[in-house]
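Read through the structure below, which is laid out as structure tokens, and then see the notes.
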Amino acid sequence: MSRPTFLQMPAANLYAGSETTISEVNGPVIIIGANGAGKTRLGVWFEFSGSQRHAVRRVSAQKSLDFPNSVSPVALEDATAALNIGVNAANFASNRGGYLGNIEGNRRQQKYGQKPETALVSDYQHLVTYLVSEQYEKSLSYTLDAKTNTIYTSPPETKIDQIKRIWEQVLPHRELVLKASSVMVKLRNTPDGSAYEASEMSDGERIAFYLIGQCLAAPIDSIIVVDEPEIHLNRVIQARLWDAIERTRPDCLFIYLTHDLEFAASRIEAKKIWIKSFNEGSWDWKIVPSESEGLPEEVLLAVLGSRKPVLFTEGEKGGLEQAIFSRVYPDRTIMPRGGCDKVIEATQAFKALQHLHGIECYGIIDLDYRSPQQVAGLLEKGVYVLDMQEMENLLLVEPVLHLLATHASTHGMTADQAAVIVYKVKEFAFETLTRDVALLASRRTAWELETKLHKIDRRAIGVAMLEQARVDATQFDIAGTYAAFEQQLNQILTAQDYAALLRIYNNKGLTAQVGRYFGTPSYPDLIKRLISKVEHEAVVEALRAASPMLPPVPAFVPISPILNA
């Protein structure tokens with residue numbers, strides 16, 4: 001036998017029990033999906049129903065971490081079978097024939113109480129009994145050989161020795177002290193070298209020991225299915241632990257069932273499978289392509305893990321854009337991507353993978369001097385453009401100002417009446433724009449010039465053609481462009497056109513400075529606090545009215561047709 005290089009999965013969206021073969025599995029397999037997508041049920045399917053079930057060893061997510069204070073060794077054969085079935089070694093020894101006659105049925109009963117999807121597994125004592133028994137048998141065999149062999153040989157490495165080595169690599173400030181029938185933990189680099197019982201270890205220390213032990217106890221060439229491999233583990237040590245375990249068991253195929261996107265992305269060489277849902281005995285799943293056409297894998301996994309349509313935005317995770325748009329578009333998963341270029345790139349890349357996920361996807365970005373033609377072109381790609389220079393200007397639209405001003409006035413945040421607050425904000429905006437006319441005209445002219453230079457013909461060959469390309473690129477009317485935009489700004493000021501000001505004025509500082517009119521140090525934070533409360537839904541509606549209207553979300557998102565191919 002040899003390490004499994006293929007995996008049998010239940011055929012996607014089929015109910016007849018047929019299987020699909022995933023070939024060329026040269027590393028671990030990550031099966032990722034949201035809570036409720038059927039990951040644990042799939043793990044149970046691997047263990048009890050799939051055609052490879054006899055090679056499967058499943059590590060359940062639901063497990064007791066009670067580390068026994070001491071155990072006694074038993075016959076290794078009994079300890080091995082007892083651990084597999086989930087029964088006390090002494091009980092197994094009293095009825096070997098009965099337990100071995102129906103291993104899967106007895107495991108389902110003894111280990112899981114007939115509920116393998118939800119049962120709390122209590123087999124830590126069985127595991128430690130197996131490890132102590134394996135150590136005892138190897139030590140006894142070594143001692144007997146030494147009495148009859150005059151040539152010195154090194155003592156064999158037992159599984160508990162391997163656990164000690166890996167555990168101490170992962171937790172370098174701790175040392176496992178192995179005794180005849182128990183395990184102690186000693187703190188390294190402490191004056192008194194204080195130690196404590198293994199039963200007093202932290203959850204992270206106990207789960208690390210348990211996971212290492214279960215994986216080392218699996219038979220040769222096993223398929224080890226680990227449900228929630230990240231649970232109870234500090235993120236810093238997760239990758240280190242599983243890397244060490246996989247290196248120690250190169251004969252085994254590891255399958256990880258997880259909803260943790262960071263863990264999934266950290267297993268770089270893994271084949272990744274996304275589970276969308278489970279329904280009436282059938283899983284909707286698809287292999288995640290290793291090349292996702294420019295979309296970072298962690299973003300792709302995050303989007304696939306969402307059950308709602310996706311909206312890519314500018315900004316950072318936890319930032320203003322995510323806070324506002326998650327309320328404006330509550331039926332969509334908001335995915336910040338940084339700058340506008342990243343939003344456009346992510347939207348196009350994810351739409352190109354429509355055959356994989358069947359999830360509706362759009363992007364939304366700031367206006368940023370874009371022409372109507374450019375806005376229309378982006379819309380064709382699924383990218384919507386705000387009708388204002390900066391997203392921050394969305395918070396300053398007049399209906400929102402009135403609602404926030406009314407709140408500030410009625411809650412004693414300021415002595416001014418709502419109408420006075422709105423007047424002062426608008427007056428401040430026009431005064432600031434008046435000050436910035438030359439700055440804005442210069443920025444806009446420089447932007448137009450940069451855009452022109454980016455269109456230089458790079459296919460030009462020879463000095464003459466390159467010189468012509470330079471001439472073409474630099475035939476730009478700087479004075480005319482500046483004057484035209486300056487005139488546009490002055491017209492807005494003359495007409496006191498507040499909506500036009502928000503459309504053309506790129507000054508993020510406006511929202512940062514108007515808080516004083518509302519009696520708050522941060523106007524954006526005030527908005528975020530209000531829109532988080534149901535009683536201020538009118539503010540959300542005002543923001544929504546000033547935002548692009550996206551296509552309605554389908555009541556039912558059909559399963560991707562390729563999954564049935």
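Side chain of Trp167 to main chain of Leu176: no donor-acceptor pair is present (N/O by atom type, distance under 3.5 Å, no hydrogens or angles). Without hydrogens or angle criteria, Asn106 side chain to Gly98 main chain gives a donor-acceptor distance under 3.5 Å. Without hydrogens or angle criteria, Lys39 side chain to Asp227 main chain gives no donor-acceptor distance under 3.5 Å. Remark: side-chain polar atoms of Arg108 are not paired, donor with acceptor, to backbone N or O of Gly105 under 3.5 angstrom. The closest donor-acceptor contact from the side chain of Arg58 to the backbone of Val225 lies at 3.5 Å or more, if one exists at all. Although no hydrogens or angles enter the test, the distance criterion places no donor-acceptor pair under 3.5 Å between the side chain of Lys271 and the main chain of Val25. Remark: side-chain polar atoms of Ser139 are not paired, donor with acceptor, to backbone N or O of Tyr136 under 3.5 angstrom. With hydrogens and angles disregarded, no donor-acceptor distance shorter than 3.5 Å links the side chain of Trp45 to the backbone of Pro10. Distance alone, capped at 3.5 Å, places no donor-acceptor pair between the Glu230 side chain and the Asp260 backbone.
The shortest non-hydrogen separation linking Gln62 to Ala119 is CB-O, 3.4 Å. Looking at every heavy atom in both residues, Cys215 comes nearest to Ile224 through O-CD1, 3.8 Å. Residue Arg337 comes nearest to Ala346 through the heavy atom pair NE-CB, 4.0 Å, listed as atom of the first residue, atom of the second, then distance. Closest heavy-atom contact between Cys252 and Arg3: O-NE, 3.4 Å. Taking each heavy atom of Thr313 and Glu321 in turn, the nearest pair found is OG1-CB, 4.0 Å. The minimum heavy-atom distance between Trp242 and Leu233, with the atom names listed, is NE1-CD1, 4.2 Å.
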- [ ] For side-chain contact (heavy atoms from CB on, under 4.5 Å), just list the numbers for Met184 and Glu197, CA-CA rounded to whole Å, side-chain angles, deciding distance to a tenth of an Å, and then say yes or no.
- [x] CA-CA 5 Å; Met184 300 282 290; Glu197 297 283 349; 3.5 Å; yes

- [ ] List the steps, then state whether side chain to side chain donor-acceptor pair (under 3.5 Å) holds for Ser51 with Glu19.
- [x] CA-CA 8 Å; Ser51 60; Glu19 297 183 2; 2.7 Å; yes

TODO: Could you walk me through whether Phe254 and Ile245 pass the side-chain contact (heavy atoms from CB on, under 4.5 Å) test, one step at a time?
DONE: CA-CA 10 Å; Phe254 285 82; Ile245 293 175; 3.7 Å; yes

Task: Worked check of side-chain contact (heavy atoms from CB on, under 4.5 Å) between Tyr112 and Glu117 - done: CA-CA 8 Å; Tyr112 303 114; Glu117 296 88 356; over 6 Å; no

Task: Test side-chain contact (heavy atoms from CB on, under 4.5 Å) applied to Glu314 and Met391, step by step - done: CA-CA 9 Å; Glu314 298 186 54; Met391 182 270 174; over 6 Å; no

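Under the rule for a side-chain contact (heavy atoms from CB on, under 4.5 Å), the partners of Tyr196 that lie at least two apart in sequence or sit in another chain are Arg174, Val185, Leu187, Glu200, Met201, Glu205. By the side chain to side chain donor-acceptor pair (under 3.5 Å) test, Gln169 pairs with no residue at all, sequence neighbours left out. Qualifying side chain to side chain donor-acceptor pair (under 3.5 Å) partners for Ser23, counting only residues two or more places apart in sequence or in other chains: none. Contacts of Asp203 classified as side chain to side chain donor-acceptor pair (under 3.5 Å), with partners at least two apart in sequence or in another chain: Arg206. In this view, Arg249 and Asp251 satisfy the side chain to side chain donor-acceptor pair (under 3.5 Å) rule, not counting sequence neighbours. Partners of Asp161 by salt bridge (Lys or Arg N to Asp or Glu O under 4.0 Å), not counting sequence neighbours: none found. Not counting sequence neighbours, the partners of Arg188 by the side-chain contact (heavy atoms from CB on, under 4.5 Å) test are Glu168, Glu175.
Applying the side chain to side chain donor-acceptor pair (under 3.5 Å) rule to pairs touching residues 79-96 yields Asp78-Arg96, Asn84-Arg107, sequence neighbours excluded. Counting only residues at least two apart or in different chains, salt bridge (Lys or Arg N to Asp or Glu O under 4.0 Å) contacts with residues 141-152 are absent. The list of salt bridge (Lys or Arg N to Asp or Glu O under 4.0 Å) pairs with a residue in residues 24-33, not counting sequence neighbours, is empty. Among residues at least two apart or in separate chains, side chain to side chain donor-acceptor pair (under 3.5 Å) pairs with a member in residues 120-133 are Asp123-Tyr210, Asp123-Gln214.
Between Glu360 and Arg332, at least one side-chain nitrogen of the basic residue sits less than 4.0 Å from a carboxylate oxygen of the acidic one, meeting the salt-bridge criterion. Under a 4.0 Å N-O distance rule, the pair Arg267/Glu246 qualifies as a salt bridge.
With 3.5 Å as the limit, one finds no donor-acceptor pair spanning the side chains of Ser266 and Gln238.
At a threshold of 4.5 Å between non-hydrogen side-chain atoms, the residues Val56 and Phe48 do not count as touching. Contact of the Thr20 side chain with the Trp285 side chain is registered, since non-hydrogen atoms from C-beta on lie closer than 4.5 Å.
Stacking of Lys351 on the aromatic ring of Tyr362 is recorded, both the 6.0 Å distance cut-off and the 45° axial limit being met.
Within 6.0 Å of NZ in Lys528 there are more than 12 heavy atoms belonging to other residues, nucleotides or ligands. Atom CD of Glu269 has 12 or fewer neighbouring heavy atoms from other residues, nucleotides or ligands inside a 6.0 Å radius.
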Taking only distance into account, with no hydrogens and no angle test, what donor-acceptor pairs under 3.5 Å do side-chain atoms of residues 66-76 form with protein atoms, sequence neighbours excluded?
| unit_1 | atom_1 | unit_2 | atom_2 | d |
| --- | --- | --- | --- | --- |
| Asp66 | OD2 | Ser64 | OG | 3.3 |
| Asn69 | OD1 | Ser199 | OG | 2.7 |

